[in-house]
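Report on the structure given below.
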Amino acid sequence: MDQHPQVIVVGAGPAGSATAYHLARAGVSTLLIDKSAFPRDKVCGDGLSPRAQQALIELGLLDAVAAEAHSATRIRFRAPGGAEAETAITGDGALPNRTLVLPRRRFDHLLQRQALAAGARFCVGHVRALCPGGGVELEGERLPARLVVIATGAALSLIKHTPLAPRGPVHSIAARCYLPAMPSPGPDLRFFFDHLPLPGYAWLFPTGPNSANLGYWYSGSGGVNAASMLSRLLREHPALARLGANGQRASAIAGYPIRSDFLSAPTRAAGLLAVGEAAGLVNPFTGEGIDYALESAALAAATIVDALRQAPAEGPLPAAALAGYSRDLRGRFRALFLLMRLAQRYAFTPWVFDRLFGRGAQGQTLVDTLIQVCFGAAPPQRVLAPIELIRLLGSRPGPPVSRDG
């Protein structure tokens, strides 16, 4: 490199590219590194929540993403007992009333290009180690920097011997495939909680009029293989087997780990800072993480810019200079993650879901509120409304609803 960057961002997914964008826009010399050339695939559900779209406005990308994405305005649920419910996606006046679905191969490339357009530099390479004096070791070459931003998702090899190493179990698992030619999946997002192990769900997110992203996520402690389970669902699930034509036209199934340990994850150290999933920022109840990745990137960049202005002119940025980032993350996400962790641990059961999704119009308010909270359109405490919870606990699930697909 002919010029040493002030900040090196390792990982050019949503969190990394968004961080590089915000830093470059603020005039910070930034190098973005990824082990793969772009465009490249990334295993994911490909959903962009209303909250994620709000962050895309700040990145100047919402219109470009929306022009290529499938737009969904409703979500349908199938409970463990077979009952079905649905809800409209609403931003409650502050966020878009839709979810977008765009494969990560395209979405990540748009973000990476936006970061480069803002002035960040990019190189392809495998970061082998973090340097004690600041910077990284890239293909045998030491690249110094005042700060390294870790945006490597659930991968732990780079940070396992640093203060950013997780403090406990961190991983849930998921698997995904694409159905590129199928009967119309319909316009809505679909979630299935039946004929599969809980806590977990299968999703069907349309990517076009005759294509979809199909996946399975499991967040329990049992020995479940997500890829094998998704393969079985393609063959045996009463709705998914029909939609996927018994898996004959499905792409290869790819599995991946997910970090959702934000409540205990370290987020900063001297010369180091973690963003997105590398900071455990994946919702433990829904498995969603792109929105938090984009938001954490903006918070990180703001803290870094201030730290570079105020810290001594040389050497790694001290951890104390980055304290505002950890404080801002807690202020924005801690209450939501506490609620979502409790819901994942105690409410992800057939008993709860059969009542939640099987009460028809009587349960609609609670279903609508839960989705608003998950998408960031309502405060977490709203889902704890005593009257609605009493009604849920005292209700009985209705009979299964038979629907096409």
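Leu164 and Arg268 make their closest contact through CD2-N, 3.4 Å (heavy atoms, listed as atom of the first residue, atom of the second, distance). Closest heavy-atom contact between Ile8 and Leu143: CD1-O, 3.6 Å. Nearest approach of Ala118 to Ala24, heavy atoms of both residues: O-CB, 3.5 Å. Residues Ala239 and Phe192 approach most closely at CB-CE2, 3.9 Å, considering heavy atoms. Nearest heavy atom pair, residue Ile173 against residue Ala226, reads CD1-N, 3.7 Å. Closest non-hydrogen pair, Ala12 versus Asp34, comes out as N-OD2, 2.8 Å.
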*Go through the steps to decide whether Leu147 and Gln6 satisfy the test side chain to side chain contact (heavy atoms under 4.5 Å, CB included), and finish with yes or no.*
CA-CA 7 Å; Leu147 182 73; Gln6 293 173 287; over 6 Å; no

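Residues Leu272 and Ile159 have side chains not in contact (no heavy-atom distance under 4.5 Å, counting atoms from C-beta outward). Using a 4.5 Å heavy-atom cutoff, the side chains of Arg345 and Arg341 are in contact. When side chains are defined from C-beta on, Val373 counts as touching Met340, because their heavy atoms get closer than 4.5 Å. Looking at Leu317 and Leu273, their side chains never come closer than 4.5 Å, going by heavy atoms from C-beta outward. Taking the side chain as every heavy atom from C-beta outward, Val352 and Tyr346 never approach each other to under 4.5 Å. Looking at Asp291 and Asn283, their side chains never come closer than 4.5 Å, going by heavy atoms from C-beta outward. Looking at Phe337 and Leu281, their side chains come closer than 4.5 Å, going by heavy atoms from C-beta outward. For the pair Thr87/Phe77, a side-chain contact is recorded, criterion being any heavy-atom separation below 4.5 Å from C-beta on.
Proximity of a side-chain donor or acceptor of Arg146 to a complementary backbone N or O of Gly315 within less than 3.5 Å is detected. Distance alone, capped at 3.5 Å, is enough to place a donor-acceptor pair between the Ser251 side chain and the Tyr178 backbone. A donor-acceptor distance shorter than 3.5 angstrom exists from the side chain of Glu288 to the backbone of Ile290, with no hydrogens or angles considered. Using modelled atom types, one side-chain atom of Gln344 and one backbone atom of Ser219 make a donor-acceptor pair closer than 3.5 Å. A distance-only check finds a donor-acceptor pair linking the side chain of Thr30 to the backbone of Val28 [under 3.5 Å]. At distances below 3.5 Å, at least one donor-acceptor pair connects side-chain atoms of Asn213 with backbone N or O atoms of Cys44. Ser231 places no side-chain N or O within donor-acceptor distance of the main-chain N or O of Ala227, the cut-off being under 3.5 Å. For the pair Glu137 (side chain) and Cys131 (backbone), a donor-acceptor distance under 3.5 Å is absent. Looking only at distances, no side-chain donor or acceptor of Thr267 sits under 3.5 Å from a matching main-chain atom of Ala274. Side-chain atoms of Glu277 come within 3.5 Å of backbone N or O of Arg259 as a donor-acceptor pair.
The residue from Arg106, Arg176, Arg104 that alone fulfils the salt bridge (Lys or Arg N to Asp or Glu O under 4.0 Å) condition with Asp41 is Arg176. Here the rule is side-chain hydrogen bond (donor to acceptor under 3.5 Å, both in side chains) with Glu86, and of Arg76, Gln364, Arg190, Arg74 only Arg74 fits it. The residue from Arg113, Arg40, Lys42 that alone fulfils the salt bridge (Lys or Arg N to Asp or Glu O under 4.0 Å) condition with Asp108 is Arg40. Only one option out of Leu61, Leu294, Leu62, Leu95 pairs with Gln53 in a side chain to side chain contact (heavy atoms under 4.5 Å, CB included); it is Leu62.
Aromatic pair Phe353/Tyr201: centroids not less than 6.0 angstrom apart. Between Phe262 and Tyr292, the distance from one ring center to the other does not fall under 6.0 angstrom.
We find the CZ-OG distance between Arg98 and Ser49 to be 11.5 Å, quoted to the nearest 0.5 Å. Atoms CD1 and OG, from Ile258 and Ser172 in turn, are 4.5 Å apart once rounded to the nearest 0.5 Å. Atom OG1 of residue Thr73 and atom CG of residue Asn97 lie 9.0 Å apart, to the nearest 0.5 angstrom.
Note: His195 and His237 have perpendicular aromatic rings, judged against thresholds of 30 and 60 degrees for the angle between ring planes. Between Trp203 and Phe205, the ring-plane angle classifies as tilted under the 30° and 60° cut-offs.
Counted by atom type alone, Arg330 and Ser326 present zero donor-acceptor pairs between their side chains at under 3.5 Å.
Counting non-hydrogen atoms of other residues, nucleotides and ligands closer than 6.0 Å to CZ of Arg142 gives a total above 12. Residue Arg25 places its CZ atom among 12 or fewer non-hydrogen atoms of other residues, nucleotides or ligands, all under 6.0 Å distant.
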